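Encoded as structure tokens, the structure appears first; notes follow it.
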Amino acid sequence: MRARSVNCDSFTFPVVLRSAGTLRRRRLGEELHGYVLKMGFGGLVIASTALIDMYCCCGMWSVGREVFDRVCDRDVICWNTMVAGYVKNGNFFSAKELFDEMPERNVSSWNTLVDMYGKCGEVGLARSLFDEMPARDVISWNAMVSGYVKGGECDAARGLFDEMPKRNVVSWNVMITGYVHGRRFSDALELFRMMQGSDVKPNEVTVVAVLPACGHLGALDLGQWIHSYIRRNRVKMDVYVNTTLIDMYGKCGSVEDARRVFDNAEMKDTFLCSTMIEVLAMHGKADEAFGVFDYMRRAGIKPSDITFVGLLKACSHVGLVEIGVEYFEMMSKDFELVPKVEHYGCLVDLLGRAGHLEKAYETIKSMPMEPHPIVWGTLLSACRIHCNVKLAEEVAFHLIELEPQNCGHYVLLSNIYSKDGRWNEAAKLRKIMKEKGVMKKPGCSSIEVDNSVYEFFAGDCVHPRCKEIYEMLDKIITRLKAEGYSPKTSSALHDVDIDEKEQTLLYHSEKLAAAFGLLNTNHKAPIRIVKNLRICDDCHVFMKMVSKYFGRSLIIRDCNRFHHFSDGSCSCCDYW
DNA sequence: CTAGGGTTAG
């Protein structure tokens, strides 16, 4: 940037200063300040306001304030800029102080304050200001809805959203994002559908907000529809959009599409590449994940600690212990990244899955930080795979001490006991659960049919076509039993006799979803199901048999990986 | 001047 060789007028500086501010180029900003003075624009409000904004964006709010104090003909915009500058720098007290001193307030000044209180968690104060302000525009409403969303109050946000006299694209974006952050994915999709019925057109921010919801729910059809919507309507395909597309396709089980988006992305940054690596890892494509990492190094894209989480995950899912350890060491050696508890968790998984249980245990004991319960849980899962009851007990009892209300620990240990034939111990554990009032988290599976997502809970009867679904499921079970299927009752965590145990097992949510899928989808496409918990041994066998005897492939995502069932076998090779 | 956006260990 050489301002010397450019003809400047008083309108040039605000534009250039703005870029300097957004890029946080302090030096450049200061240099430009010099030119502003040299060219005699120093006294003008417009130039001064731009300078204030630039300094505040660069974190130099006190210099901004000095400029502000020297402006003699301050207008509202100038005042607003200074107030907003304090807010940007987290100087909420000064912002409020200056707001109170303002000789004149239009709507924007109030908006800044409403937004500020929302940002610092004072929703109540934001609301009283919102109610108090003399006039409101869309921005005021959006700021207030956003305040509720940030405070995690989705329902209050929605209440206000519904009351809005007018909504623009930001209003919809705020509310959809709110649902997604509150993990209310179905609500997010429903709102997105409502938006289509409104007069506001979705933009690139909207798709970035909804796509993660599609990913979490496994709503591939809707995700694909949004992808084609983006192309049809020339929504800007920026790096954010591409990142969420990759994530969505990956989580919906379509790695190929994720890869296509990655290859076609014009701009590739750390986020985008890390997402691609994570997706490949999730699907057991370790070599391809390593390839993306090599690409990053060649292209000079700096890996982050999250990149390494993906790489380590890729290694552990396919048992590449040595390579995984190499990546772990590479983090600090070559990239000055300090391994976090997540990376130690991956390392424990890597070692544990591969059967090196003692080494995994040693890793936990030698971690430089307090091991999070998830790390212990990882070791417990490894004990399940390798049937090490002794270590499992030690780890599980420790975990139960740490998190007595987490049902997962009891369930996992109980399954390990059952797998080993120790029914008495399993029963004792169920008694303990009962005594402590720990409820088993209900299994839930969702499936998308005709652009709608249907959710099923184990043994539920809420679906309108419930009778039909159960009849279909019974038909499938009868057929599979004829082919040799016998329910593995060890997966059922209930203190009941065998018959009843078989019943609860037969109606696990993924089976209901599969029956619904067979009833309602055409005969070529795979049936895609997303489950909130880990798939059980029995359902795993069941799905393999369905894929064989009903000639349909099924793609099931459980809470930690994908299972692609076809022709009687599963992509995880029964190792999960 | 003021409202909205991406990846993360089981």
Side-chain angles (χ1 to χ4, degrees), chain A residues 49-50 52-53 56 75-85 87-88 106-116 118-119 137-147 149 168-178 180 203-212 215 236 238-248 250-251 269-279 281 304-310 312-313 316 339-350 352-353 371-382 384 399 408-409 412 533-534 558-561 576:
Chain A
T49 303
I52 294 165
D53 192 38
C56 291
D75 57 6
V76 215
I77 296 178
C78 186
W79 281 87
N80 287 350
T81 305
M82 193 60 230
V83 174
V87 176
K88 272 185 201 128
N106 65 14
V107 190
S108 313
S109 328
W110 293 85
N111 290 348
T112 305
L113 268 260
V114 170
D115 180 54
M116 176 184 88
K119 271 197 186 109
D137 61 8
V138 216
I139 297 180
S140 331
W141 287 85
N142 289 347
M144 194 59 234
V145 173
S146 166
V149 158
N168 64 8
V169 65
V170 177
S171 326
W172 292 93
N173 294 347
V174 171
M175 198 57 235
I176 292 171
T177 309
V180 173
N203 65 4
E204 67 279 5
V205 179
T206 320
V207 303
V208 169
V210 252
L211 283 170
K236 207 165 93 200
D238 59 21
V239 67
Y240 290 85
V241 172
N242 283 324
T243 303
T244 44
L245 277 172
I246 292 169
D247 179 58
M248 179 278 292
K251 290 211 174 88
D269 68 359
T270 306
F271 267 70
L272 185 113
C273 295
S274 303
T275 306
M276 189 68 244
I277 289 173
E278 154 70 21
V279 164
S304 68
D305 53 338
I306 291 163
T307 316
F308 283 95
V309 169
L312 291 169
K313 214 162 134 181
S316 67
K340 295 204 232 170
V341 65
E342 288 89 337
H343 303 97
Y344 282 95
C346 289
L347 200 57
V348 170
D349 190 39
L350 182 75
R353 263 181 211 267
H372 187 277
I374 290 178
V375 182
W376 290 110
T378 306
L379 184 57
L380 188 56
S381 300
R384 189 198 75 100
L399 264 172
H409 308 325
L412 202 47
L533 306 172
R534 195 186 270 264
D558 73 9
C559 64
N560 58 57
R561 66 170 300 155
W576 82 94

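All chains are named by letter (A, B, ...) in the order of the sequence lines, taking the proteins before the strands, and each is independently numbered beginning at 1. For clarity, every value in this text was computed on a predicted model and none was experimentally measured.
Remark: P of B:dG6 and NZ of A:Lys236 are 15 Å apart, rounded to the nearest angstrom. Remark: C1' of B:dT2 and CG of A:Asp75 are 15 Å apart, rounded to the nearest angstrom. One interatomic measurement links the two molecules: NE2 of A:His343 to P of B:dG10, which rounds to 12 Å at whole-angstrom precision. The CG-P distance, from A:Leu399 to B:dG10, rounds to 15 Å in whole Å.
Across all strands shown, A:Val87 has no heavy atoms under 4.0 Å from either base or sugar-phosphate atoms. Base engagement by A:Val375 is indicated by at least one non-hydrogen atom pair under 4.0 Å involving a base atom. Using a 4.0 Å heavy-atom criterion, one finds that A:Val83 contacts no nucleic acid atom at all. Note on A:Leu211: nothing from the nucleic acid sits closer than 4.0 angstrom, heavy atoms only. As judged by a 4.0 angstrom heavy-atom cut-off over every strand, A:Asp269 is placed among the base-contacting residues. Nucleic acid contact class of A:Val207 (heavy atoms, under 4.0 Å, all strands): none. If you check every strand for non-hydrogen atoms under 4.0 Å, A:Asn106 touches nothing. In this structure, A:Lys313 reaches the sugar-phosphate backbone alone: every heavy-atom distance under 4.0 Å involves primed, P, OP1 or OP2 atoms, never a base. Counting any heavy atom pair closer than 4.0 Å across all strands shown, A:His372 reaches a base atom. A:Val341 comes within contact range of at least one nucleobase, with a heavy-atom separation under 4.0 Å.
Although no hydrogens or angles enter the test, the distance criterion places a donor-acceptor pair under 3.5 Å between the side chain of A:His343 and the main chain of A:Asp305.
Out of B:dA9, B:dG10, B:dG5, the shortest distance to the side chain of A:Arg534 is found at B:dG10. When distances are taken from the side chain of A:Thr243 to each of B:dT7, B:dG4, B:dG6, the shortest belongs to B:dG6. For A:Arg353, the side-chain atoms get nearest to B:dG10 when compared with the rest of B:dG10, B:dT7, B:dG5. Nearest to the side chain of A:Ile306, among B:dT7, B:dT2, B:dG10, sits B:dT7. Residue A:Thr378 has its side chain nearest to B:dG10 when only B:dT8, B:dG5, B:dG10 are considered.
The ring-ring contact (aromatic ring centres under 6.0 Å, His included) check on A:Tyr344 picks up A:Phe328, with sequence neighbours excluded. Residues satisfying the side chain to side chain contact (heavy atoms under 4.5 Å, CB included) test with A:Tyr240, not counting sequence neighbours, are A:Val208, A:Asp238.
In this model, the phosphate group of B:dT8 is approached by a side-chain N or O of A:Lys251 to a distance below 4.0 Å at OP1 or OP2. Phosphate contact (OP1/OP2 of B:dG4, side-chain N/O of A:Ser146, threshold under 4.0 Å): present.
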Is there a side chain to side chain donor-acceptor pair (under 3.5 Å) between A:Asn111 and A:Asn80? Walk through the geometry before answering. CA-CA 10 Å; A:Asn111 290 348; A:Asn80 287 350; over 6 Å; no

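Counting distance only, with no hydrogens placed and no angle test, the side-chain atoms of A:Thr244 and the base atoms of B:dG6 include no donor-acceptor pair under 3.5 Å. For A:Asn203 against B:dG4, a side-chain-to-base donor-acceptor contact under 3.5 Å is present. A donor and an acceptor atom sit less than 3.5 Å apart, one in the side chain of A:Asn168 and one in the base of B:dA3.
By the stacking rule of 5.5 Å between ring centres and under 30° between planes, A:Phe271 stacks on the base of B:dG6.
A donor-acceptor pair shorter than 3.5 Å can be found between the side chains of A:Asn168 and A:Ser171.
Within the 4.5 Å cutoff, the side chain of A:Ser304 has heavy atoms near those of the A:Thr307 side chain.
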